[in-house]
Amino acid sequence: MQLFPCPFCGPRSESEFHFGGDAGNHRPEGFRAVTDGEWSNYLHARNNPRGAANEIWMHMTCGEVFRMERDTVHHRVARSFAPGEGDGHDGMAH
Amino acid sequence: MTAWRTEGGSAIDRSRPLRFSFDGREVEGFAGDTVASALLAGGISVLGRSFKYHRPRGLWGAGVEEPNALVDIAGGMPNTRATQALAADGMAVRSVNAEPSAQKDRHAFLDAFSRFIPAAFYYKTFMFPDWHLFEPRIRQMAGLGTLDAAAQGPAFAEQVNHHCDVLVVGAGPAGLLAARKALRAGKRVVLCDDGRQAGGSLLFRAATIEGKTGSEWAADMAAELAGGGALVLAGTTAFGIYDHHLAGLNQKGGDGAPDRLWRIRAGSIVLATGAIERPLPFGNNDLPGIMSAEAALVYLRRFGVAAGRKVVVATNNGLAYETAEALAAAGADVTVVDYRADAPPPAGVRVLAGRTILSASGRGAVHAVRLSDGSVLEADAVLASGGFTPTVHLYCQAQGKLDWRDDILAFVPGRPVEGVTVVGAAAGDFGLPAELAERAGRALGIVAAWPEPGTRERVWIDLQNDVTAKDVELAVRENFVSVEHLKRYTTLGMATDQGKTSNVNGLALMAELTGRRIPEVGTTTYRPPFTPVPFACFAGARSGTRMSPLRRLPLEKQHRADGAVFRDYGGWLRPAYYGAGPADTRIQAEARAAREGVALFDGSPLGKIEVIGPDAAGFLDFIYYNTMSTLPPGRCRYGFILTEGGNVYDDGVLVRLDENRFVVSCSSSHVAGVHALLEEWRQDHFDRRRIFIHNATAEMATLTVTGPRARALMEAVGFDIPLDDAALPHMAVAASTFEGIAVRIARISFTGDRSYEISVPADRAAALWARLRREGEAFGATLLGLEALMILRAEKGYIVIGKDTDGTSRPMDFGLTAPLQRKKAEFIGRRSLITEDATRADRRQFVGLEAVDGKGVLPTGAHGIAREGRGVRSAGYVTSSYFSPALQKPIALGLIERGLSRMGDIIELQHLREIRRARIISACAFDEEGSRLHA
C-alpha cells in the first residue's frame, strides 16, 4: 500500500485514489480532423514507463484531480501538485 | 525416539497440568507447552504423513520454520504448526494427510512406489484423455489438513491501523537493543515477535548480559520498553513489508480469541528476525527422531523435554555444541559427529571429528546412522545442524538484494534499503551484539555440507513438499536450470513453510549440478506472507453488507409497514413488491393497477447531481451525446453519457432549473461513477472556476405519482402551482412547496403514463409520502415496487443501463442517430462513433421481440442464433423479458444483430437446449404514439 501525497489533504493511502491516466495525453480535438491512429493512440496507447512517471490522479475522498511525479521502480514520489501549479501543463491529461 | 521430561523448562508451569487428544490418543502436558512439546514429551514421534509419499514424519523444528508437524485443531484451525500452537486442556488435535492416523496411514504404501513417482510424474502420466479426470483422486491422496465446514471461527478478526517512527521485528537480543536505542532517542517504537515472550535465542541459549541471565535481561527489557511507551506485541508475526514502509502483522489470538491484523506504517524498520537452522543432507534424513539441534535445545531449556536418551548430534559448525553439552548434562548419552576435521576439544561429550553421516535407518523412527568411516552408531535421536540461514524474507520483500558470504555459508542482506536496517543473526551476526557480549561466544566455524548428486538413498531437501535430491537432479537433467524453474518443476520451497529450511540446500545442489557457485544460482523471489495468515484475518469484519454496504431509503420503515419485500438493486435496498402471496401475482397486480388508476413509487435513489455555473451548459454539451445547451430553463431532456470509447455509459434525464443550473438524473447505481466522471472532466478539461458540481442524491428523496389519475391525485394533495399540461407539460419542471418546504415537481415518466416526480428534502419525505398515501385512498392508489416498474418501462421499450445495454453498446444501436449527424459541439466519445466498429452494418441493435411459438415468456439471456453451415453462432440476446398485464401477452427486449432493419423477421433463439421463435418488432409495445403521457 503506497502513500500518495494529495496536494490538498496530505499523505493518504493509495486505495483512496483513482488513476486518471498519463499526464500529457492530450485529447485530440476536432473529431473530423482526428485520424484513427491519433484517436487510437489517445484512447489505448499508454507510456507504462520504467522509472520516472508523470500521472494524473484523483483523490476520491476530496474529489480533487492533481498531477503526481513518481518512480515506477522504487515507488518514490517526487512531487504532486494541483492543476495550474506545475510547469505550464495546465490541461493535464486531456 | 524416547524423549522424556527432564527438570526445568522455563516456558511451562508444572503446577498446571493439562490433557488433550492427538489422533484420538490422550496426551498430557503442562500450561505453556506447545502442542509439539507435549507430543514430544509424550513419546509420540510420528506427527504426520508426508505430502506426497505418505512417509512418517516427526518434529524437525521448534518454531515458525517447522515443515512437518502441521495439525488440524478442532474448531476451525486447519494446518496449524504444532510448534507454535499452545496446548490447551481438552483440545482435539488431528494429524494431516493421514487416515486413520499418522501412525497407521492407509496410503503409506505409496512410499514403496516412490521410485516411479518423481517430480512432475502425475502431470506427465495422467495427460490422456484429460488431467482433470484424475486430478480429484490424486489431490485427495496428497495434501494437507481439512477444513471443518461446520466451524464458524471465533469472531471477526480485529484490524488495527497504526503509525510509528520505528518498527522493530524480532525481540531477540539484537531487536531488544535496537528498540531500546530508538526509545531512548525519543522515537515512537513498536516491537513485535512471533514468540509469546521477548528474548528470541536468549530464551534457550546461555548468555549473560548486563549482569543478568539472557532471559532475565530480555524480560526486563520488554518491561522497560513497554513502560517507556513502546508498543510490544508478543505472539505477533510480521508477515510482509509493503510499499512505503507498511508492515503487515498477524497477532495470534489464542484461547478462542480471533487473530488480529495490524497495518503499521513505520518511519523506519529494523529487522532482527534471526536465523533458521538448516538440515544436513544424508540418506533418509526425514526419519522421525531427526531434529534440528537448535530445536532440541529449545525443547530442553524451554519445555524440559530431552529429545532422546541415546543422542547423536551431527554438525558442520560450532553452535550445535551447546545442544550436545546441555543434553549430556541432562543425562543423555551424547555423541557428536562433527563434519569438521579440526573440531574443538570435547566438553563432556564424545566427539567423532572429520566424519559425516551417510544415511540414517529405522522403521517409523530413526534407529541408527551410518558414518562416512563405515561405522554405525545407534541413536534414538539425531540432532542435526547444517548451518544457519538468516531470515531475510522481509528484507527481500522490501526490494533488498542478497550477498553470499563464504565464511558463514549463507545469504545475507547486501545493499542497504532506504529506511530498512537488518541486525543480528538476520544480518549474519550469529553471536550476541558486540555491545551486549561480555565475552566471545561460540564460533560458528562452519564447513560446507551440501547435498551431493548421485546418492543412492533418498536425501530429502524439502520435507514439507517431499522433494528429494533426485528430484532436483531430474529437473536439471530436463534443463530446468533457473532456480525459479526448479521451484515450479519440483515444488521445492512451495509448501506452506515456503522452504525456510530447504531452499539453500536445494540451490546448493543446483549449483553443484550446473557447475555454478551458489550466488550465481541465486534465490527465488521472496513474497508475503512470511507465514500463512488466515483469510479471516485479512477479511476482518468485511463480509456481506460490511464489505459492500447496502444503501437504505429514507422511507424504508414506511415501506416495511406496507409489507414491502426488499431486494438489493445496484447497492440500494428497495421494495421489489408489496404484500404477501406469490411474488408474480403481486407484481402483475401492481403493474395492472398502475396502468388503470394511479400508483405511488419511491424513486429516491435516482441520481441528482447538480451542475452549476456560467459554463455549465457548454460543459454538459460535452458530457452528453445529446445537445443540452439548447434546453430551455424549466425543461428536461433525455440523453446518453458515453465513454471516450463511444460506448453507452449511462442514460437519464437532464433537468435545467435555470440558465446556469442543471440536475443530472443518472441511474441510481451509477451515481458515484457519473459524479467522478463529471469531476474529472470539469477539473481537467474545463475552467474549474466556472463550473461547480454538487451531488445532492442523498439529500433529496424522489417520490413519483404515475398513472392516468396521477394529475387528479396531485391536485388533491394541493400544490401551489398549476399542474395542467399548459403550465407543466411533459418534460417540464417547476418549483413548488409542500407544507412550506421547497420541492421540485418534474413531468418525467418511466412508465409511459402521465407522471409527476416530486423531489423533496429527504427528512420531509415521510410527511409527503403519508399525504400521498392518504389522498391516494380515494383514488385507489397502488404502491408500485421496482419489479412492476420494470414491466411498465419494458412495455414502453425504455432501457435500463447494464441490462439492456452492455459494454459494447453504442447510442445508434438504440436508433438515436440525430446527435451524431446534427450536433455541432464536441462530446465524450464522439470520435469513436465514426470508427469502423461503430459503423458496422451487423451491429446488435435494440428491438422488441414477440414470441410466436406460443411457449410463453422468452428466457432473459436467450441467444438469437444464426445458423452457419452445421454450426450456430450468437446473433444477439434477450435483455429483458416479462409477461405484460396490460397487453396480456409476453413482451421482450433484446440486442439483435441488424435488428432495426429486420422488423417483422422471425428469428430463432436458443436457451440451454430449448429453441424458441420470436418476431422482431418495435421496442415500444404499448401506446406507441405516446398519448398516455398526456392523458
Side-chain angles (χ1 to χ4, degrees), chain A residues 1-5 7-8 11-15 17-44 55-67 70-77 82-84 89-94, chain B residues 161 163 240-248 263-267 398-400 415 417-419 528 609 622 643-647 672-673 675-689 692-695 820 823-839:
Chain A
M1 182 77 75
Q2 303 182 66
L3 271 187
F4 289 160
F8 306 94
R12 290 288 192 277
S13 285
E14 160 187 8
S15 55
F17 296 85
H18 168 70
F19 181 55
D22 295 326
N25 182 23
H26 296 288
R27 186 177 199 270
E29 299 295 341
F31 57 96
R32 282 189 193 86
V34 177
T35 66
D36 281 352
E38 285 164 344
W39 187 248
S40 159
N41 193 43
Y42 158 71
L43 271 187
H44 306 298
E55 299 166 337
I56 310 298
W57 287 82
M58 179 189 262
H59 187 206
M60 300 301 282
T61 49
C62 73
E64 296 290 339
V65 172
F66 64 95
R67 258 226 351 243
R70 64 187 196 98
D71 191 294
T72 58
V73 176
H74 48 61
H75 290 179
R76 229 168 277 146
V77 177
H89 295 83
D90 244 25
M92 295 186 299
H94 308 299
Chain B
N161 293 299
H163 293 255
I241 291 190
Y242 303 87
D243 284 311
H244 299 168
H245 299 162
L246 181 75
R263 296 188 201 92
I264 298 187
R265 185 79 70 175
Q399 307 300 312
R415 61 144 209 242
V417 172
E418 194 182 318
I609 303 173
F622 180 78
T643 65
E644 275 283 54
N647 300 114
H675 186 206
L677 176 145
L678 293 173
E679 275 297 348
E680 206 170 326
W681 285 106
R682 174 187 82 96
Q683 295 182 45
D684 202 9
H685 200 61
F686 286 83
D687 186 342
R688 49 164 61 197
R689 296 161 301 184
F692 180 75
I693 292 168
H694 172 64
N695 181 2
L820 181 60
K823 187 170 170 177
K824 302 238 169 9
E826 181 72 357
F827 57 86
I828 299 172
R830 177 160 212 169
R831 180 62 184 77
S832 295
L833 298 181
I834 51 174
T835 56
E836 195 182 317
D837 176 73
T839 51

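We use all heavy atoms of the structure for the numbers below, so side chains are in, but hydrogens, waters and symmetry mates are not. No experiment lies behind these values; they were computed from the predicted model shown. Residue numbers begin at 1 in each chain, while the letters A, B, ... track the order of the sequences.
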Side-chain ion pair, B:R831 and A:E38, N-O less than 4.0 Å
no

A:F4 backbone acceptor or donor facing A:R12 side chain under 3.5 Å
no

Segment of B:E418 engaging chain A (4.5 angstrom heavy-atom cut-off):
side chain

What part of B:E679 gets closer than 4.5 Å to chain A, counting heavy atoms only: side chain, backbone, both or neither?
both

Under the side-chain contact (heavy atoms from CB on, under 4.5 Å) rule, what do B:Y242 and A:E14 come out as? Steps first, then yes or no, please.
CA-CA 12 Å; B:Y242 303 87; A:E14 160 187 8; over 6 Å; no

Interface moiety of A:L3 toward chain B, non-hydrogen atoms closer than 4.5 Å
both

Per-residue contact mode, B:R263 against chain A (heavy atom under 4.5 angstrom):
neither

Heavy-atom proximity to chain B below 4.5 Å, by part of A:M1:
both

What is the distance from atom CZ of B:F622 to atom NE2 of B:H685, rounded to the nearest 0.5 Å?
4.0 Å

Looking only at atom types and distance, does a side-chain atom of B:R688 sit under 3.5 Å from a main-chain N or O of B:R682, one as donor and one as acceptor?
no

Whatever's closer than 4.5 Å to a heavy atom in chain B on A:H44 counts as neither

